[in-house]
Amino acid sequence: MSAAPTKPKVTEREARQVAEAARQQDWRKPSFAKELFLGRFRLDLIHPHPTPDTEHVQRGEEFLAKLRDFVETKVDGARIEREARIPDEVINGLKELGALGMKIDTKYGGLGLTQVYYNKALALAGSASPAIGVLLSAHQSIGVPQPLKLFGTPEQKEAFLPRCARTDISAFLLTEPDVGSDPARLATSAVPDGDDYVLDGVKLWTTNGVVADLLVVMARVPRSEGHKGGITAFVVETNSPGITVENRNAFMGLRGIENGVTRFHQVRVPAANRIGPEGAGLKIALTTLNTGRLSLPASCVAAGKWCLKIAREWSAAREQWGKPIAHHEAVGAKISFIAATTFALEAVLDLSSQMADEDRNDIRIEGALAKLFASEMGWLMADELVQIRGGRGFETAASLAARGERAVPAEQVLRDLRINRIFEGSTEIMHLLIAREAVDAHLSVAGDLIDPEKSLSDKAKAGANAGVFYAKWLPKLVAGPGQLPVSYGEFKREVDLSVHLRYVERHARKLARSTFYAMSRWQGRMETKQGFLGRVVDIGAELFAMSAACVRAELLRSQGDHGREAYQLADAFCRQSRIRVEELFNRLWTNTDDLDRKVVKGVMAGTYEWLEQGIVDPSGDGPWIADATPGPSDRENVHRPIR
């Protein structure tokens with residue numbers, strides 16, 4: 001029978017080894033972003049811009065028309081915000097529409113939409129209510145459908161996908177009260193017992209968990225005879241005996257989401273419900289997120305479009321000092337930023353999504369960059385809109401309506417978008433994850449040189465391999481097409497975008513040289529230089545976004561679809577982006593990282609505790625982290641399946 005799980009004690013090195021083992025180790029397909037970080041600007045991988053086939057476009061547009069009619073006539077976003085809940089009739093309406101099965105194959109009762117149209121649908125639904133966008137994306141991007149699509153057996157697909165397509169809501173359970181981005185310390189256990197596993201543990205922040213019918217649960221299987229053990233993924237029926245949803249959590253934003261705390265006590269799960277082999281859980285989770293993360297940029301694109309609409313309408317109506325505020329440079333610069341950035345975010349999202357649909361390229365870095373860049377820029381756009389609106393931006397929509405003005409929920413959008421910098425990998429974790437992939441080629445040839453545990457013979461072999469690699473690679477970073485005035489001439493129209501692509505090519509090589517220098521300088525300590533790595537990744541994100549914006553502008557021009565305006569927006573974005581890139585390059589080597597570490601040591605040692613005097617702390621009593629000791633629940637079960 002099962003034993004009470006104990007919290008694993010792991011060192012920093014062991015935690016890194018667990019994370020490393022979960023990575024996809026090979027690169028079987030080309031990657032534009034991977035090449036970019038290596039100083040190779042492979043424009044041929046993204047240009048001409050890939051396009052969907054006619055059948056997928058027709059199917060996607062037909063569903064978007066139905067979804068638009070539904071959200072315009074059946075969804076009251078203000079009510080969801082006010083009541084902090086999506087009405088059951090709305091969720092049932094989405095089920096009838098087939099929205100739960102957008103990404104599920106038609107043979108299982110789904111709609112079989114492409115990633116491109118799935119994202120368009122999420123953006124549309126999320127614009128009516130961000131909580132609906134989260135409900136649908138948590139169910140399909142990381143819930144049961146996606147991992148089963150990638151790793152499920154035929155029997156599992158037949159058993160669960162038809163339910164997920166029409167009736168059953170799913171959720172993904174990884175985080176625990178004391179475990180976030182460090183899964184090596186995962187405490188929830190799944191102990192083999194005959195033909196079952198017995199689950200014990202507590203999961204936190206289970207989006208959709210309060211209303212879910214099916215769960216993907218990550219739990220640790222202990223190593224034993226006949227069992228490899230390790231973190232493993234399971235499909236679990238939420239109505240199984242021993243499962244208690246102990247709390248429905250409330251947040252700063254996204255008030256309508258059904259996010260909770262779920263306890264497992266002696267929950268029996270058939271071995272047939274295990275996804276993949278034992279020990280493959282983290283790899284399944286990370287692979288699922290490669291495309292699953294694209295749902296967050298979709299919500300940010302939707303927010304950007306809305307921010308632009310409100311900024312345009314308000315800035316034309318509001319006058320100060322004899323003219324509309326849009327014509328004042330200080331406000332106009334903000335509007336330009338919102339317009340150009342929205343164009344770029346949509347370019348990044350559509351390019352990454354279309355590449356995911358074609359499956360010709362490995363988009364693990366592109367998907368991560370899209371999530372990182374969109375979540376940061378989406379927040380900035382919403383913040384700028386609040387500033388443009390002034391006091392009305394800080395005032396709630398309900399208060400505006402109560403005194404007779406248009407109920408514009410700018411402050412709500414700001415609150416709702418804030419979580420995207422934390423959801424599905426915080427900005428800080430995304431920096432480290434992308435940085436690890438960006439330096440993969442270096443570690444593959446020279447990793448043993450900087451590993452203190454490797455023998456002298458291993459280091460000698462690594463040194464020889466590194467010498468061969470760098471002898472071929474480094475000379476290619478000296479010169480390239482970005483230095484030729486005629487390069488990328490097909491992007492030279494009335495507005496010249498070729499100058500920006502040459503800039504990207506030159507600075508991709510500069511970024512690769514900077515990364516190589518840093519590895520030479522810091523060697524094994526490179527992984528501790530998180531400030532430097534974050535800036536390297538941010539530069540790569542800007543270069544990727546500039547590339548996507550130019551390629552999208554040329555696509556729209558070739559299709560006769562607002563091509564001139566698209567070139568103008570791409571030009572504006574690239575010029576704004578280049579300013580940010582130059583600052584990031586300067587901060588690679590001119591920064592306060594060393595001083596910051598000293599200050600942090602002082603803060604943690606209490607050296608500056610005097611600085612905290614003169615206030616009262618309004619925080620309530622209680623532990624910083626709730627007790628998650630396994631055992632039976634003593635709380636009321638707030639699980640409420642929607643039928």
Side-chain angles (χ1 to χ4, degrees), residues 5 80-81 83-88 90-91 94 100 129-144 164 167-181 183 186-188 199-219 233-267 269 285 292 295 415-416 418-420 422-424 620 622-643:
I80 293 172
E81 174 70 7
E83 298 179 356
R85 176 161 291 171
I86 303 171
D88 288 4
V90 171
I91 296 178
L94 290 168
L100 293 187
S129 169
I132 292 178
V134 172
L135 171 80
L136 295 175
S137 64
H139 165 67
Q140 292 170 89
S141 296
I142 57 176
V144 170
C164 291
T167 59
D168 288 19
I169 297 172
S170 68
F172 174 79
L173 278 62
L174 171 62
T175 304
E176 298 176 0
D178 198 27
V179 178
S181 299
L186 198 78
T188 298
L199 268 61
D200 282 279
V202 178
K203 295 293 185 180
L204 177 62
W205 296 326
T206 60
T207 302
N208 286 0
V210 178
V211 296
D213 306 284
L214 292 169
L215 311 171
V216 176
V217 180
M218 296 292 167
F234 299 90
V235 178
V236 181
E237 301 273 2
T238 317
N239 61 2
S240 301
I243 296 181
T244 305
V245 179
E246 295 189 330
N247 195 65
R248 181 178 186 262
N249 303 324
F251 300 98
M252 175 197 305
L254 296 179
R255 287 169 50 79
I257 63 173
E258 300 287 351
N259 180 296
V261 176
T262 303
R263 178 178 292 271
F264 299 87
H265 176 60
Q266 301 283 285
V267 178
V269 179
S295 62
R415 289 186 287 105
D416 288 344
R418 184 59 182 84
I419 188 59
N420 288 342
I422 301 171
F423 259 173
E424 296 182 16
W624 286 105
I625 298 172
D627 180 30
T629 303
S633 179
D634 59 1
R635 307 280 294 276
E636 176 188 356
N637 189 0
V638 297
H639 178 238
R640 56 176 202 91
I642 298 172
R643 288 290 181 263

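- Between Val267 and Ser240, the closest heavy-atom pair is CG1-CB, 3.9 Å.
- Side-chain contact between Asn249 and Val261 is present, with heavy atoms from C-beta onward closer than 4.5 Å.
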In residues 210-219, what donor-acceptor pairs under 3.5 Å come from side-chain atoms, sequence neighbours left out?
{"unit_1": "Asp213", "atom_1": "OD1", "unit_2": "Arg643", "atom_2": "NH1", "d": "3.3"}
{"unit_1": "Asp213", "atom_1": "OD1", "unit_2": "Arg643", "atom_2": "NH2", "d": "2.9"}
{"unit_1": "Asp213", "atom_1": "OD2", "unit_2": "Ile169", "atom_2": "N", "d": "2.9"}

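- For the atom pair OG of Ser141 and CZ of Phe172, the computed distance is 12.0 Å after rounding to the nearest 0.5 Å.
- In this structure, Ser170 and Gly143 approach most closely via the heavy-atom pair OG-CA, 3.5 Å.
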Subject >> Derivation of the side-chain contact (heavy atoms from CB on, under 4.5 Å) call for His265 and Thr244 >> reply: CA-CA 8 Å; His265 176 60; Thr244 305; over 6 Å; no
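- Counting only distance, with no hydrogens or angles, the side chain of Asp200 and the backbone of Gln266 share a donor-acceptor pair below 3.5 Å.
- Val269 has its side chain out of reach of Phe264: every pair of non-hydrogen atoms, C-beta onward, lies at least 4.5 Å apart.
- Contacts of His639 classified as side chain to side chain contact (heavy atoms under 4.5 Å, CB included), with partners at least two apart in sequence or in another chain: Thr238, Val245, Asn637, Pro641.
- Ile86 is linked by a side chain to side chain contact (heavy atoms under 4.5 Å, CB included) to Ile80, Val90, Ile91, Ala131, Ile132, Leu135, counting only residues two or more places apart in sequence or in another chain.
- Here the shortest heavy-atom pairing between Glu237 and Ile243 reads O-CD1, 3.4 Å.
- Evaluation of the salt bridge (Lys or Arg N to Asp or Glu O under 4.0 Å) test over residues 244-254, restricted to residues two or more places apart or in two chains, returns Glu246-Arg263, Arg248-Glu258.
- The side chain to side chain contact (heavy atoms under 4.5 Å, CB included) check on Thr207 picks up Val134, Ala138, Asn259, Phe423, with sequence neighbours excluded.
- The salt bridge (Lys or Arg N to Asp or Glu O under 4.0 Å) pairs that include a residue from residues 623-634 number zero, where partners must be two or more places apart or lie in different chains.
- For Ser129, there are no side chain to side chain donor-acceptor pair (under 3.5 Å) partners at least two apart in sequence or on another chain.
- When side chains are defined from C-beta on, Leu100 counts as touching Leu136, because their heavy atoms get closer than 4.5 Å.
- The side chain to side chain donor-acceptor pair (under 3.5 Å) search around Asn208 returns none, not counting sequence neighbours.
- With values rounded to the nearest 0.5 angstrom, Ile419 atom CD1 is found 7.5 Å from Ile257 atom CD1.
- Separating the CZ atom in Arg418 from the CZ atom in Phe251 is a distance of 14.0 Å, to the nearest 0.5 Å.
- Taking the side chain to side chain donor-acceptor pair (under 3.5 Å) definition, one finds that Glu81 meets it with Gln412, Arg415, sequence neighbours left out.
- Contact of the Leu204 side chain with the Asp178 side chain is not registered, since no non-hydrogen atoms from C-beta on lie closer than 4.5 Å.
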